Amino acid sequence: MLETTALPRKATLSPPLDTRYQVETPEGIDLPLRPAGLMVRALAFSIDLALRGLILGLLFIVLAMLGKLGAGLGSLLIFGVSWWYMVLFEVLNQGRSPGKQWMGLQVVQDDGTPVGWSASLLRNLLRFVDLLPFGYFLGAISCLQHPGFKRLGDVAAGTLVIYREQPLTRPQLPPAEPRRPAFALSLSEQRAILGFAERQGELSAARVNELASILAQPLQVPAPHAVAELNGIARGLLGPA
Amino acid sequence: MKQSLFEHRHMAEWEQFSLTLQRLERDRKATGVGEFPADYRRLCQHLALARERGYSSFLIDSLQQQVLRGHQQLYRHRSRLGANVLAFILAGFPRLVREQWRFVLAASLMFFASLIGMALLVYLFPDLVYNLIPAEQVSEIQSMYDPNAGHLGRSAERAASEDWVMFGYYIMHNIGIAFQTFASGLLFGLGSAFFLFFNGLMIGAVAGHLTHIGFGQTFWSFVIGHGAFELTAIALAGAAGLQLGWALIAPGRLPRSEALRLAARKSVQLICGVMLLLLIAAFIEAYWSSMTAPAPMIKYLVGAALWLLVAGYLLFAGRVRHAPE
């Protein structure tokens, strides 16, 4: 999650390596959203499809007992479930149909705000074109070539399917004596050292040593002490030193 | 300022903000959130500071999440459709139709011209109908409108208690067709044009054929009432689809995706109006058109009145701006 925040003025942004989609808010903040790719969306759709089949199947069993009235209700239900299932869930459940909920996805507008009635209706009506000529062919092609993984319906409606933000837990920093670095750190170096300390719990000891030893020479410490030195600097950046 | 001091100083504020956020997310009309915009902007400033000072990823990411949630609450899109349905029905929809008159005209020409043309052709050259519709389907349709059958509609032995069944069927079938006609407009308008022509030709062929074999009375008195709403709605759905296609063909000075987005925003409103028309049509079709008691003359008169009503509504409603009630 490293990003160069303070770029020198007029520096050209290098094209990002990841697929994050930046939304600039009126407050001048760049909010990164993480668009969801084809596979996870296809999975979410399959879940929704299965669920819809299940709902219809159950309802038809009930309606079959009602006779003629049931047949009329049945047509209304097919219509409702096939055209409105997605719209209702997306608008009323914060952009999440059950399948999307399961896969941790969410539909939002291009500017990161919750999806509204008209946008949701539009993206789901145009699903008909995405399905053409068979099995989401156009939708898949559009999704694969678009930087935000949008299918045609998303392009027209101005919506985006993103990964929902998961709540963060505060990482435990390894214990170390806070110390000042021997030389001034640039902003990205500072972020890198903090990132190294915060993510240490997720790495194996060997990997931690390997990463730290790269910096042993510039830090002017023997390689085995590099980890402690880096942790110390991270501690020093966070709190009093 | 070191990160721990920064966190220590603002932690209480952030927790307060997150509580407000939870309340807003649970209930859109939550009260006592007057401070929310100011708090949100302060949080944005904190995020900017945290990034600028190179604080740790954990702090920046969690601030970012809070800002995103705040952004979603503060800049929530107000849906203009849901807010004032009545204003949309009384004025907004006909105004929109008139504003998009080029597409409406084009779609109506495609649909009604092919319908009338095909009806005339089949009436003059009756064998033509079998080129378009398979023979068994023709005889099926024929049996539906047989003047001796007594009941009208899609099935010959239909009873009044089945009106409800047909209502459901008409809604599903017709709105489905309208949605297809609209959505396929995304293929540079070709899909909409196809469905307009196709439906026009089919309906025209059936009309011409039934008139030719002398079932005209039952057929026309059945369709004239709801046709006013149904056929207009299909033409309007086609117009909305053509609008999408045209945005792709001639985007003007905008990028194609942007032009499409703007056109789509208008056309989805048209589609909402179309759904309304089709709902009325299904209602009339199930409960009025299927009645066999009224004399055909009465049905024609009511049908003509409905056509005039639709035309008058689309042409004149909402021309005068009333003071807001």
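Throughout, protein chains are lettered first and strands after them, A, B, ... in sequence-line order, and every chain is numbered starting at 1. Keep in mind that the numbers below use all heavy atoms, side chains included, and drop hydrogens, waters and symmetry copies. As the structure is a prediction and not an experimental result, all values here were calculated from the model.
No more than 12 heavy atoms of other residues, nucleotides or ligands lie within 6.0 Å of CH2 in B:Trp246, so this atom counts as exposed by the packing criterion. The number of heavy-atom neighbours closer than 6.0 Å to CZ of B:Phe283, taken from other residues, nucleotides and ligands shown, is 12 or below. With a 6.0 Å radius and a threshold of 12 heavy atoms from other residues, nucleotides or ligands, B:Glu99 has its CD atom above the threshold. The 12-atom threshold is not exceeded at CZ of B:Phe198, counting heavy atoms of other residues, nucleotides or ligands nearer than 6.0 Å. Heavy-atom neighbours of A:Phe60 CZ from other residues, nucleotides or ligands within 6.0 Å: above the threshold of 12. Other residues, nucleotides and ligands contribute more than 12 heavy atoms inside 6.0 Å of the CD atom of A:Gln145.
Of the atoms belonging to B:Met1, not a single heavy atom falls under 4.5 Å from chain A. For A:Leu33, the part sitting under 4.5 Å from any heavy atom of chain B is the side chain, from C-beta outward, and nothing else. Neither the backbone nor the side chain of A:Ser82 comes within contact range of chain B; no heavy atom of the residue lies under 4.5 Å from a heavy atom of that chain. Only the side chain of A:Asp110 comes within contact range of chain B, with heavy atoms under 4.5 Å apart. For chain B, the nearby part of A:Ala157 is the backbone; its heavy atoms alone come within less than 4.5 Å. A:Arg170 touches chain B through backbone and side chain together, each having a heavy atom under 4.5 Å away. No part of A:Val115 comes within reach of chain B, as not one of its non-hydrogen atoms sits under 4.5 angstrom from that chain. Heavy atoms of A:Gln109 lying under 4.5 Å from chain B belong exclusively to its side chain. Residue contact with chain B, scored on non-hydrogen atoms closer than 4.5 Å, involves the side chain of A:Leu138 exclusively.
Residues B:Ala183 and A:Leu126 share a closest heavy-atom pair of CA-CD2, 3.6 Å. Minimum heavy-atom separation, A:Pro26 to B:His71: CD-CE1, 4.3 Å. Here the shortest heavy-atom pairing between B:Gln64 and A:Asp30 reads NE2-O, 4.2 Å. Closest approach of A:Pro167 to B:Gln65, counting heavy atoms only: CA-OE1, 4.3 Å. A:Glu27 approaches B:Arg41 most closely through the heavy-atom pair OE2-NE, 3.4 Å. Residues A:Ala156 and B:Ala264 come closest through the heavy atom pair O-CB, 3.4 Å.
Here the straight-line distance linking atom CG of A:Leu237 with atom OG of B:Ser56 works out to 10.0 Å at 0.5 Å rounding. Here the SG-CD1 distance, from B:Cys44 to A:Ile29, works out to 5.0 Å after rounding to the nearest 0.5 Å. Expressed to the nearest 0.5 Å, how far CG of B:Leu68 lies from CG of A:Leu31 amounts to 5.5 Å. The CG atom of A:Leu238 lies 13.0 Å from the CZ atom of B:Phe6; values are rounded to the nearest 0.5 Å. Taking CZ from B:Arg261 and OG1 from A:Thr159, the interatomic distance works out to 10.0 Å, rounded to the nearest 0.5 Å.
Taking chain A as the reference chain and counting heavy-atom pairs below 4.5 Å, the highest number among B:Gln45, B:Glu25, B:Arg69, B:Glu7 is found for B:Glu7. The candidate from A:Leu185, A:Asp111, A:Ile193 with the greatest count of non-hydrogen atom pairs under 4.5 Å with chain B is A:Asp111. Of the residues considered (A:Leu125, A:Val155, A:Val91), A:Leu125 shows the highest number of contacts with chain B, using heavy-atom pairs under 4.5 Å. Between chain A and the residues B:Leu244, B:Ile271, B:Leu186, the most heavy-atom pairs under 4.5 angstrom are made by B:Leu186.
Looking only at atom types and distance, the side chain of B:Tyr55 has no donor-acceptor partner in the side chain of A:Gln190 under 3.5 Å away. A:Thr113 and B:Gln72 are not linked by any side-chain donor-acceptor pair at a separation below 3.5 angstrom, with hydrogens and angles left out of the test. When only modelled atom types and interatomic distance are considered, B:Ser57 and A:Arg191 share a side-chain donor-acceptor pair under 3.5 Å.
A heavy-atom distance below 4.5 Å is not found between the side chains of A:Phe128 and B:Phe179.
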